[in-house]
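Everything numeric in this text was worked out from a predicted model, so none of it was measured. We use all heavy atoms of the structure for the numbers below, so side chains are in, but hydrogens, waters and symmetry mates are not.
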2 protein chains.
Amino acid sequence: MLILKPGQALNLWHKAMLAQVRDDDPDLTTRQMAILLTVYLDPPPHTVRGLAAQLEVTKPVITRALDTMGIMGLVARRRDERDRRNVLVQRTVDGAEYLQRLGDLIANEAIETA
Amino acid sequence: MLILKPGQALNLWHKAMLAQVRDDDPDLTTRQMAILLTVYLDPPPHTVRGLAAQLEVTKPVITRALDTMGIMGLVARRRDERDRRNVLVQRTVDGAEYLQRLGDLIANEAIETA
DNA sequence: CCAATTCGTTACGGTTCTGGAACAGTATAT
DNA sequence: ATATACTGTTCCAGAACCGTAACGAATTGG
């Protein structure tokens, strides 16, 4: 249970967005970020179809986002050997570190938020 | 002064991103969102050059984002009559409502965040 | 009054994302 | 065996974004 007034929420959101824009890494799109967080915060397994359903987007959106974030090293793909039609989306060390930094960043800015 | 642990921050970020992706409106890019929040939360006046400097991006990035968000009705442009080289970025009723909804959304999800 | 500066915009070529449709591969059911 | 269903990927044309560079308009300084 966390108390956060709308004005505080916007200030926090603002600072986090600014930090994302200013750092040198290319920005993730909103959809990519939503996929990344779902993979790391929701319990596995994660499939393309499942992610598409949860985000309410089409499957090619997931495939392309996994392509991009795979190149970045933020997620990995593996075929499901029990049903070889499925692709299992897996976490990576780099992805875990990336999100850990993001969490720390937001938390630190929250402390300074009026 | 607001206490927010990194894990809570990520959960909150996740929910907010999911809500953004699932609604029907097209997603703003990270840069567009940063510009929008700066215009509404930082004291005016806001110029293209000033926004570019604060976000550490090039001027065309600001121009293009203002074009897009102008069409969406989220911001407006006006020439500065005191120095007609400048363009002043102004708030709109629609933009204010948009951010108010965003703030409420994040705040509501914060309450439910473990 | 003319040159130099500053402002925002536009033009360029390239990359990435978008939705919709078609696709090959795998599994299931008859 | 054959048809059907399901998964993830690829293809397509269109739209949006990117950084760099050039640009016209407005102001300032000599």
A.B. asks: What residues, two or more places apart in sequence or in another chain, satisfy side chain to side chain contact (heavy atoms under 4.5 Å, CB included) together with B:Ala107?
C.D. replies: A:Pro6
A.B. asks: N/O contacts under 3.5 Å, protein versus nucleotides 3-7 of chain D?
C.D. replies:
from: D:dC6; atom 1: O2; to: A:Arg85; atom 2: NH1; distance (Å): 3.4
from: D:dT7; atom 1: OP1; to: A:Arg49; atom 2: NE; distance (Å): 3.1
from: D:dT7; atom 1: OP2; to: A:Arg49; atom 2: NE; distance (Å): 3.2
from: D:dT7; atom 1: O3'; to: A:Asn86; atom 2: OD1; distance (Å): 3.1

A.B. asks: Atom CG of B:Asn11 and atom NZ of B:Lys5: how far apart are they, to the nearest 0.5 Å?
C.D. replies: 12.0 Å
A.B. asks: Roughly how far, to the nearest 0.5 Å, is CG of A:Leu28 from OH of A:Tyr98?
C.D. replies: 4.0 Å
A.B. asks: Please check: side-chain N/O of A:Thr92 versus main-chain N/O of A:Gly73, any donor-acceptor pairing under 3.5 Å?
C.D. replies: yes
A.B. asks: In whole angstrom, give the distance that lies between atom CD of A:Glu81 and atom C1' of C:dA27.
C.D. replies: 14 Å
A.B. asks: Without decimals, in angstroms, what is the distance between A:Arg78 CZ and D:dT9 P?
C.D. replies: 15 Å
A.B. asks: Which of these, A:Val39, A:Leu37, A:Thr38, sits in a side-chain contact (heavy atoms from CB on, under 4.5 Å) with A:Leu41?
C.D. replies: A:Leu37
A.B. asks: May I have the distance from B:Asp24 (atom CG) to C:dG19 (atom C1'), rounded to whole angstrom?
C.D. replies: 14 Å
A.B. asks: Which is more 5' along DNA chain D, the nucleotide nearest A:Asp27 or the one nearest A:Ile62? Just name the residue.
C.D. replies: A:Ile62
A.B. asks: For B:Arg91 versus B:Asp42, what's the shortest heavy-atom pair and its separation?
C.D. replies: NH2-O, 3.3 Å
A.B. asks: How many whole angstroms separate atom CZ of A:Arg82 from atom P of C:dA27?
C.D. replies: 12 Å
A.B. asks: Roughly, in whole Å, what's the span from CG in A:Asp67 to C1' in C:dC17?
C.D. replies: 12 Å
A.B. asks: Donor-acceptor pair, B:Arg79 side chain versus B:Arg84 backbone, under 3.5 Å?
C.D. replies: yes
A.B. asks: What pair of heavy atoms forms the shortest contact from A:Asp23 to A:Gln20, and how long is it?
C.D. replies: OD1-O, 3.4 Å
A.B. asks: So which protein N/O to nucleotides 14-17 of chain D N/O distances come out below 3.5 Å?
C.D. replies:
from: D:dC17; atom 1: OP1; to: B:Gln32; atom 2: NE2; distance (Å): 2.5
from: D:dC17; atom 1: OP2; to: B:Thr68; atom 2: OG1; distance (Å): 3.1

A.B. asks: For A:Ile71 and C:dT15, what is the distance between atoms CD1 and P respectively, to the nearest whole Å?
C.D. replies: 13 Å
A.B. asks: In this structure, how many angstroms lie between the C1' atom of C:dT18 and the CD1 atom of A:Ile35, rounded?
C.D. replies: 13 Å
A.B. asks: Starting at atom CG of B:Leu66, determine the distance to atom P of C:dC7, rounded to an integer number of angstrom.
C.D. replies: 16 Å
A.B. asks: If you look at every strand shown and take non-hydrogen atoms under 4.0 Å, does A:Thr63 touch a base, only sugar-phosphate, or nothing?
C.D. replies: base
A.B. asks: Report yes if some heavy atom in the side chain of B:Glu97 is under 4.5 Å from a heavy atom in the side chain of B:Val93; otherwise report no.
C.D. replies: yes
